[in-house]
> 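Encoded as structure tokens, here's the structure I'll be asking about.
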2 protein chains.
Amino acid sequence: MSEAGPLVLLVEDEPQMRRFLRATLTARGFRLVEAETIAAAEIAATSQPPDLVLLDLGLPDGDGIDFARRLRGWTQVPILVISARGREADKVEALDAGADDYVTKPFGVDELLARMRVALRHAARAQSGVAEPLLEIGALRIDLARREVAVDGRALHPTPIEWKLLVLLARNAGKVITHRQILREVWGPGEGHQTHTVRVHMASLRKKLETDPAQPRWLLTEPGVGYRLREASDA
Amino acid sequence: MSEAGPLVLLVEDEPQMRRFLRATLTARGFRLVEAETIAAAEIAATSQPPDLVLLDLGLPDGDGIDFARRLRGWTQVPILVISARGREADKVEALDAGADDYVTKPFGVDELLARMRVALRHAARAQSGVAEPLLEIGALRIDLARREVAVDGRALHPTPIEWKLLVLLARNAGKVITHRQILREVWGPGEGHQTHTVRVHMASLRKKLETDPAQPRWLLTEPGVGYRLREASDA
DNA sequence: TCGCATCTTGACACCTTCTTGATGGCAGCC
DNA sequence: GGCTGCCATCAAGAAGGTGTCAAGATGCGA
């Protein structure tokens with residue numbers, strides 16, 4: 001069960017502080033993208049939109065506050081400023097520029113984590129009811145949030161493994177997924193699992209999904225390679 | 001024509017600090033309601049819902065953190081804690097209890113005002129969506145403000161944990177909530193809790209809510225994943 | 001201090017799900 | 001034809017999740 005943690009963009013030029021935060025945050029399950037300069041941060045923020053930004057002021061190539069202001073122009077991602085500047089005017093400027101919180105160095109890790117939780121809480125609340133993750137492949141509808149699958153309006157009741165299997169294939173509809181990939185994504189990076197097990201679960205999934213499991217409409221076998229979910233456009 | 005500023009509930013027992021904040025805030029156009037005790041604050045919060053709460057910890061009649069937690073049970077109003085306690089553990093506890101920010105005394109007025117602006121900014125963004133103190137799912141009615149539940153007109157009396165559990169599921173009616181989510185939302189981000197405990201509380205909640213706990217109408221089990229509250233539209 | 005409500009933990013039975021092994025089909029190749 | 005590799009299906013035991021009961025711990029108000 002590897003739920004991917006929130007993605008944090010860390011904008012910080014001191015290597016020491018970066019190393020420290022990297023260790024702390026990855027240990028807590030956060031995924032991390034790092035940037036040493038504002039230029040790099042701009043690219044990272046657009047190419048891989050984070051769930052939260054940890055922003056150090058006083059970077060080599062410009063003021064972090066301007067970066068925060070530009071970010072606010074197009075996204076509501078929580079911005080948490082970490083700065084050595086403790087002057088009140090600095091805090092006010094950053095907060096009014098769009099930052100959501102301001103922590104002065106040196107700071108306690110637990111406090112930082114707690115404030116990050118607050119920021120993520122706010123973001124989650126704002127986003128709720130907006131994005132409904134829904135996969136649709138022809139008559140096959142997969143609602144990720146509700147964990148429901150339906151073919152031609154008929155609801156299925158997949159077991160946990162069948163669900164993971166189906167979502168994996170549906171997310172890559174049309175592409176071939178190798179046995180190896182399936183084992184890694186569904187069963188985790190550990191070993192000791194066999195391709196045979198995949199076949200058994202595929203069979204039970206077909207029994208639920210297909211009208212004629214012997215002549216699959218959706219779950220196609222790629223002999224010697226793996227499996228593939230038929231795309232909507234396929235014949 | 002003086003536009004009415006945001007309504008601030010100030011919970012603070014020191015007369016000196018109250019006088020100071022009253023002067024500062026009214027000068028900036030805020031309207032103010034003051035409370036010296038938690039009991040008074042509870043009444044004020046319900047009778048005159050504020051736009052923001054300034055909460056001092058260490059009040060004469062109880063812990064301000066509990067007040068914050070109760071408040072969070074039915075409203076999303078921003079809570080800004082002002083405290084003389086500067087210990088990190090205190091901050092973490094308050095923030096995890098639902099506070100949105102934590103300022104230690106002595107503080108700068110400008111910083112406080114900036115943080116209040118941030119909080120109000122968040123609230124304004126969140127309120128553009130919804131703010132429903134009454135959840136209705138079929139014959140199930142949940143009054144968040146009054147902390148009351150009723151099925152088919154019959155009132156339930158849930159324990160604190162059962163209440164949190166039910167509200168969590170009702171807020172996400174139809175969606176599956178994983179065991180992990182339940183533990184995090186109901187018991188807090190700390191660890192050391194087991195899914196077994198969830199099952200026990202779910203059982204007792206079913207006993208109160210369902211006519212036949214063995215054949216649940218509302219509280220559905222998603223094997224291997226979590227639980228789900230049936231939507232009104234479901235069969 | 002006692003009693004009450006609540007929460008946690010352990011034990012156990014029940015059931016679903018998962019894994020593994022066995023068997024047969026099918027195609028390609030010697 | 002016989003062999004080999006790959007796949008699908010079935011069946012049975014193993015493993016793990018779920019619901020329930022009950023005992024002990026904890027906290028709170030009388």
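None of these values were measured; they are calculated from a predicted model.
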> Strictly by salt bridge (charged side-chain N to carboxylate O under 4.0 Å, His left out), give each pair with a member in residues 150-170 of chain B just once, sequence neighbours left out.
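Output for this query lists B/Asp152-B/Arg217, B/Glu162-B/Lys208.
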> side-chain hydrogen bond (donor to acceptor under 3.5 Å, both in side chains) with B/Glu12: which residues, sequence neighbours excluded?
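side-chain hydrogen bond (donor to acceptor under 3.5 Å, both in side chains) list for B/Glu12, sorted by chain: B/Lys105.
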> Taking only residues two or more places apart in sequence or in another chain, which ones pass side-chain hydrogen bond (donor to acceptor under 3.5 Å, both in side chains) with A/Arg117?
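Testing A/Arg117 for side-chain hydrogen bond (donor to acceptor under 3.5 Å, both in side chains), a comparison that skips the adjacent residues, returns B/Asp96.
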> When the distance from CH2 of A/Trp187 to C1' of C/dT20 is rounded to whole Å, what number comes out?
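Taking CH2 of A/Trp187 and C1' of C/dT20, I get 13 Å after rounding.
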> Quick one: A/Asp212 CG to D/dT9 P, roughly how many Å, whole number?
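The distance from CG of A/Asp212 to P of D/dT9 comes to 9 Å, rounded to the nearest Å.
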> Roughly, in whole Å, what's the span from CD in B/Gln194 to C1' in D/dG17?
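Nearest whole value for this atom pair: 14 Å.
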> Take atom CG of B/Leu183 and atom P of C/dT9, then tell me their distance rounded to the nearest Å.
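Going from B/Leu183 (CG) to C/dT9 (P), I get 11 Å.
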> Over how many whole Å does the gap from B/Leu205 atom CG to C/dA5 atom C1' extend?
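Going from CG in B/Leu205 over to C1' in C/dA5 covers 16 Å.
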> Does a side-chain N or O from A/Thr197 land closer than 4.0 Å to OP1 or OP2 of C/dC18, or not?
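So the side-chain polar atoms of A/Thr197 never come under 4.0 Å of the phosphate oxygens OP1 or OP2 of C/dC18.
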> Any side-chain to backbone donor/acceptor pair from B/Arg69 onto B/Ala94? Under 3.5 Å, distance only.
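Judged by distance alone, no pair lies under 3.5 Å.
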> Let me know the distance between CG of A/Leu219 and P of D/dC7, rounded to the nearest Å.
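Rounded to the whole Å, the gap is 15 Å.
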> Could you say whether A/Glu162 or B/Ile161 is positioned toward the 5' end of DNA chain C, judged by the nucleotide with the nearest heavy atom to each?
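The answer here is B/Ile161.
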> Atom pairs under 3.5 Å, N or O on each side, protein against nucleotides 18-24 of chain D: can you list them with distances?
{"unit_1": "D/dT18", "atom_1": "OP1", "unit_2": "B/Gly224", "atom_2": "N", "d": "2.7"}
{"unit_1": "D/dT18", "atom_1": "OP2", "unit_2": "B/Arg199", "atom_2": "NH1", "d": "3.4"}
{"unit_1": "D/dG19", "atom_1": "OP1", "unit_2": "B/Arg206", "atom_2": "NH1", "d": "2.9"}
{"unit_1": "D/dG19", "atom_1": "OP1", "unit_2": "B/Thr221", "atom_2": "OG1", "d": "2.6"}
{"unit_1": "D/dG19", "atom_1": "OP2", "unit_2": "B/Tyr227", "atom_2": "OH", "d": "2.7"}

> Can you list everything that forms a side-chain hydrogen bond (donor to acceptor under 3.5 Å, both in side chains) with B/Arg141? Sequence neighbours excluded, please.
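With neighbours one apart ignored, the set is empty.
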> So, is B/Thr159 close to the C/dC7 phosphate, meaning a side-chain N or O under 4.0 Å from OP1 or OP2?
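Checking C/dC7 against B/Thr159, a side-chain N or O does come within under 4.0 Å of OP1 or OP2.
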> Taking side chain to side chain contact (heavy atoms under 4.5 Å, CB included) as the definition, give me every residue that meets it alongside A/Asp51, ordered by chain and number, with sequence neighbours left out.
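Partners of A/Asp51 under the side chain to side chain contact (heavy atoms under 4.5 Å, CB included) test: A/Pro6, A/Leu7, A/Arg31, A/Leu120.
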> Nearest whole Å is fine: how far is C/dA5 P from B/His201 NE2?
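So the NE2-P distance, B/His201 to C/dA5, works out to 17 Å.
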> A/Leu21 and A/Ile82: side-chain contact (heavy atoms from CB on, under 4.5 Å), yes or no, with the steps?
CA-CA 11 Å; A/Leu21 286 174; A/Ile82 302 175; 4.3 Å; yes
> Measure from NZ on B/Lys208 to C1' on C/dC7 and round the result to the nearest Å.
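Distance, rounded to whole Å: 12 Å.
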